[in-house]
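A short worksheet on the structure shown next.
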Amino acid sequence: MSHAVTLISGDGTGPEITEATRRVLEATGVEFIWDVQQAGAETLEKCGTILPDEVIESIKRTGVGLKGPITTPVGKGIRSANVALRKKLDLYANIRPAKTYQGLRSRYENVDMIIVRENTEDLYAGVEFQRGTPEQEEILETIARTTGTRLDQNSAISIKYISVVASRRIVKFAFEYARANGRRKVTAVHKANIMKFSDGLFLATAHEVAKEYPDIAFEDRIVDNMCMQLVQKPELYDVLVLPNLYGDIISDLSAGLIGGLGVAPGANIGSQYAVFEPVHGSAPKYAGLNKVNPMAMMFSGVLMLRHLGERDAANRLENALAAVIAEGKYVTYDLKPRPDDPTAVGTSQVADAVIEKMHQLAVING
Ligand code: NAD
């Protein structure tokens with residue numbers, strides 16, 4: 001069986017890591033029908049839009065996208081293509097696994113967490129009021145009238161918006177993910193002791209949903225305590241579910257626990273579509289140099305294979321990546337003891353090594 005997948009190379013170093021990832025995915029033996037789509041800086045210059053409608057239409061057809069990073073131009077009033085994609089396809093769950101592999105430069109062993117971040121609301125809903133505007137004044141008046149608190153006139157306001165619907169579906173997603181992937185515990189992260197209504201609602205909803213999953217353990221943690229716990233004993237945690245802002249911060253913290261952005265994969269999943277992409281950005285200063293690590297995107301490919309039901313291929317690719325990391329020979333600069341290590345290899349050589357390793361492991365495993 002072949003799988004139709006929308007392939008978006010992105011820009012900066014995106015095309016190099018996408019090509020390396022496409023090669024290793026094809027080497028698993030799974031057949032793909034790639035619907036190659038362009039988005040990013042070049043598309044903006046040629047077509048006047050960073051994210052053409054064709055890209056969205058393609059993912060609506062295939063249901064699955066594999067995406068390289070896309071640069072967000074600064075100071076030109078252009079909205080992030082990544083945020084637009086998530087909004088247009090209602091990709092409400094951002095999944096970021098954080099797993100230690102032997103050979104990665106990390107202070108920890110046995111970390112194996114899945115961060116499930118709500119992707120659509122919270123302080124990231126984009127509801128903001130600029131200082132000195134009539135809208136901001138109106139909001140200040142409303143706040144004074146309804147709460148008795150008069151906020152400083154010289155201030156800006158961002159709305160923290162948390163709904164039952166979105167909280168429910170993200171927590172349900174976390175439990176379903178735990179169940180489908182043999183995980184034992186879900187931890188909801190919040191600050192409900194201070195934000196009693198918004199985070200309180202998230203937490204109360206999480207407790208309600210947890211009752212529907214008696215086979216999975218449930219606990220909650222206050223976000224500041226969670227940060228300390230993750231630094232002290234990350235091996236105790238399994239699936240974490242968080243509102244948007246805490247999810248953003250904790251997932252980067254977790255990427256740091258396991259050896260950095262070069263190996264941190266991600267997925268954005270909705271009820272109909274899914275887009276897989278590395279956590280890192282386009283690292284434009286290294287564009288065209290065959291230098292950056294393609295493994296974060298390759299691990300995103302592992303997540304995609306699992307999503308497509310290709311579990312064996314996913315395991316083969318993950319094992320090959322783990323073996324190449326453990327050997328430490330054919331890895332990029334970021335996985336070497338020092339970034340200027342002359343034995344570091346380039347992006348495409350990593351793909352060669354992973355493909356070779358998949359062949360070797362296939363022979364060993366008969
Ligand atoms: P970045 O992740 O692109 O790069 C930060 C630094 O991390 C790089 O200078 C490099 O040292 C290191 N790095 C990143 N990826 C690496 C890799 N694969 N291998 C080795 N080292 C790697 O972050 P940034 O500089 O803040 O962002 C650059 C652009 O990417 C911005 O326009 C940003 O908006 C965009 N961005 C896009 C996405 C996305 O497409 N999903 C995500 C984050 C940032």
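Read the numbers this way: they start at 1 and go in the same order the structure lists the ligands and their atoms. Note that the structure is a prediction, hence the values are computed from the model and not measured. We use all heavy atoms of the structure for the numbers below, so side chains are in, but hydrogens, waters and symmetry mates are not. Position 1 is the first residue of the sequence; numbering continues from there.
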> Hey, is ligand 1 close enough to Thr71 that some N/O pair sits below 3.5 Å?
Replying inline: no
> Quick one: are Ser254 and Met113 in side-chain contact, heavy atoms under 4.5 Å?
Replying inline: yes
>> Between Val239 and Thr187, is there a side-chain heavy-atom distance shorter than 4.5 Å?
In response: no
Atom indices of ligand 1 within 4.0 angstrom of [X] heavy atoms, with elements:
| X | result |
| --- | --- |
| Asp334 | 20 (C) |
| Val292 | 17 (C), 18 (N), 19 (N) |
| Lys285 | 9 (O) |
| Lys67 | 39 (C), 40 (O), 41 (N) |
| Thr72 | 32 (O), 34 (O) |
| Asn82 | 37 (C), 38 (C), 39 (C), 40 (O), 41 (N) |

> Quick one: does NZ or CZ of Lys291 land under 6.0 Å from the six-membered ring centre of Tyr333, within 45 degrees of the ring axis?
Replying inline: yes
> Can a salt bridge be assigned to the pair Glu137 and Arg131 using a cut-off of 4.0 Å between side-chain N and carboxylate O?
Replying inline: no
> Between Arg117 and Asp122, is there a side-chain N and carboxylate O pair less than 4.0 Å apart?
Replying inline: no
>> Check for me whether the distance between the ring centres of Tyr101 and Phe299 falls short of 6.0 Å.
In response: yes
Considering only the protein, which heavy-atom contact is closest to [atom], and what is its distance?
| atom | answer |
| --- | --- |
| atom 6 (C) of ligand 1 | Leu261 CD1, 4.9 Å |
| atom 25 (O) of ligand 1 | Pro284 CD, 4.8 Å |
| atom 21 (N) of ligand 1 | Tyr333 OH, 2.9 Å |
| atom 19 (N) of ligand 1 | Asn293 N, 2.9 Å |

Just to be sure I'm reading this right: ignoring hydrogens, which of [options] gets closest to [atom]? Compare them by their nearest heavy atoms.
| atom | options | value |
| --- | --- | --- |
| atom 41 (N) of ligand 1 | His280, Glu277, Glu16 | Glu277 |
| atom 29 (C) of ligand 1 | Ala283, Ser282, Gly281, Pro294 | Ser282 |
| atom 35 (C) of ligand 1 | Ile70, Leu85, Val350 | Ile70 |

Would you give me the side-chain donor-acceptor pairs under 3.5 Å for residues 358-366, sequence neighbours excluded?
unit_1: Gln360; atom_1: OE1; unit_2: Lys357; atom_2: NZ; d: 3.1
unit_1: Gln360; atom_1: NE2; unit_2: Glu356; atom_2: OE2; d: 3.4
unit_1: Asn365; atom_1: ND2; unit_2: Leu361; atom_2: O; d: 3.1

> Which residue pairs satisfy the side-chain hydrogen bond (donor to acceptor under 3.5 Å, both in side chains) criterion with at least one member in residues 198-210, sequence neighbours excluded?
Replying inline: Lys160-Asp199, Asp199-Tyr246
>> Assess the residue pair Ser106 and Thr100 against the criterion (side chain to side chain donor-acceptor pair (under 3.5 Å)); give the C-alpha distance rounded to whole Å, side-chain angles, the decisive distance to 0.1 Å, and a yes or no.
In response: CA-CA 8 Å; Ser106 162; Thr100 37; over 6 Å; no
> Under 4.0 angstrom from ligand 1, any heavy atom of Val279?
Replying inline: yes
>> Would Ile114 and Tyr177 count as a side chain to side chain contact (heavy atoms under 4.5 Å, CB included) here? Give the steps.
In response: CA-CA 9 Å; Ile114 303 287; Tyr177 188 98; 3.8 Å; yes
